[in-house]
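Protein chains get the first letters and strands the later ones, always in sequence-line order, with residue 1 at the start of each. The shown structure was predicted, so the numbers you read here are calculated from the model rather than taken from an experiment.
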Protein chains: 2
Amino acid sequence: MTTARPKPRAGAPKSGHNHRACIATALAAAEKLCAARGEQLTALRRRVLELVWAGHKPVGAYQILDILRGDGRSAAPPTVYRALDFLLAQGLVHRVESLNAFIGCPHPGETHATQFLICSRCGTAVELDDAGIDKAIDGTAARMGFVIAARTVEISGTCAECRGR
Amino acid sequence: MTTARPKPRAGAPKSGHNHRACIATALAAAEKLCAARGEQLTALRRRVLELVWAGHKPVGAYQILDILRGDGRSAAPPTVYRALDFLLAQGLVHRVESLNAFIGCPHPGETHATQFLICSRCGTAVELDDAGIDKAIDGTAARMGFVIAARTVEISGTCAECRGR
DNA sequence: GGAACGGCGTTATAGTATAACATACATGAC
DNA sequence: GTCATGTATGTTATACTATAACGCCGTTCC
């Protein structure tokens, strides 16, 4: 039998978690996915993905650019945007529209719903995979005769950890 | 008794509708709302609102700026952004994050859910007021201990009318 | 070899948004 | 009356975000 629809996940990063492991996992998954697809995860693209994964906060393209330049590498805006376009096309990163920023996808290569809970206090964005939200959207769109191509669901507020403080 | 929670509405504009009426209604509602709140709907703010309501498509700030200049008025980016900030604060317009653009709110002053169906073919954006979608989001956020401050739900795709063509 | 392609460098420019300071006008205090 | 205050707008400059266009280089394939 084939794998069933993936279960909802909500990877709220613990504040004390070993983030190096997050990065390593993400890079390994990206290598594997690109290899399987015959796509080239070049050194530049890999580095940009690593920078997007620097934390669980969405990162702006120009923040990435500054770091690339700090690497000693020659870089201009298209350097970053082209790499991001590739990573977006491969589903390795998501764009956060309400912040004009980018964040790593914690489970690339798998079909999943995508919603974000964005804490305006600490900046952390958690990716949800809530089929119920998508279902609700699907139903309404269907009633309107609207064919969905893409969804943007970004909820801003205060995360549990910040609220506790 | 007090007025109950407003019913879901979804004002899909008919292609042949009398849009002048939409504009007139929106401006009248804005006048009324601002008067009730003691806020000043100045000539500039009124004009910007009118321009946002030029159609049912989200409008960019610089599109508005160009038209204001065409009016013979002196205008610079802050002219437009300040007016838009006011209109946003009063709930008279919404910002469409995925387009960096603005659209008039069809029922200002009433509590309502806000989602957009954005047709990538004709550019029309329809505002939904679907409590079910918000409910689904609320539930998931609550389970995560997340306190919601604002929601962005923007669905892009093809509207019924464009699909028919 | 050389044509075709993908990835990246480089320069320039387009598009979106805000900071900071100046001006104008209305209102109310004295 | 005029002075202080507050709000709205004018004005200039700049920051931030994104893409167009062209060229170079290396690989692959014939």
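The shortest distance between the side-chain N/O atoms of B:Thr79 and the OP1/OP2 oxygens of D:dG10 is below 4.0 Å.
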N/O contacts under 3.5 Å, protein versus nucleotides 5-8 of chain D?
unit_1: D:dA8; atom_1: OP1; unit_2: B:Arg45; atom_2: NH1; d: 3.2
unit_1: D:dA8; atom_1: O5'; unit_2: B:Arg45; atom_2: NH2; d: 3.4

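A pairwise comparison of heavy atoms in B:Leu27 and B:Leu49 identifies CD2-CD2, 3.9 Å as the closest pair.
B:Arg95 has no carboxylate O lying under 4.0 Å from a charged side-chain N of B:Asp85, or vice versa, which leaves the two without a salt bridge. The pair A:Arg46-A:Glu50 does not count as a salt bridge, with every side-chain nitrogen at least 4.0 angstrom from each carboxylate oxygen.
Judged by distance alone, with hydrogens and angles left aside, the side-chain atoms of A:Arg151 form no donor-acceptor pair with the main-chain N or O of A:Thr114 at under 3.5 Å. Side-chain atoms of B:Asp71 never come within 3.5 Å of backbone atoms of B:Arg73 as a donor-acceptor pair (strictly under, hydrogens ignored). Remark: side-chain polar atoms of A:Glu127 are not paired, donor with acceptor, to backbone N or O of A:Gln115 under 3.5 angstrom. A donor-acceptor contact shorter than 3.5 Å links the side chain of A:Ser120 to the backbone of A:Gly157. Listed for the A:Gln90 side chain is no donor-acceptor partner under 3.5 Å among the backbone atoms of A:Leu87. In this structure, the side chain of A:His19 engages the main chain of A:Trp53 through a donor-acceptor pair within 3.5 Å.
Residue whose closest nucleotide on DNA chain D sits further toward the 5' end, between B:Pro77 and A:Asp85: B:Pro77.
If you measure from atom CG of B:Leu88 to atom P of C:dT16, you get 16 Å, rounded to the nearest angstrom. Counting to the nearest Å, the P atom of D:dT9 and the OH atom of B:Tyr81 are 17 Å from each other.
Residues of residues 60-76 of chain B having a heavy atom closer than 4.0 Å to DNA chain C, listed by number: B:Tyr62.
Side-chain contact of B:Ser98 with A:Glu97: a donor-acceptor pair under 3.5 Å is absent, judged by distance alone.
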How does protein reach along nucleotides 20-30 of chain D, written 5' to 3' as B (base within reach of a heavy atom under 4.0 Å), S (only sugar-phosphate), or - (no contact)?
-> BB---------

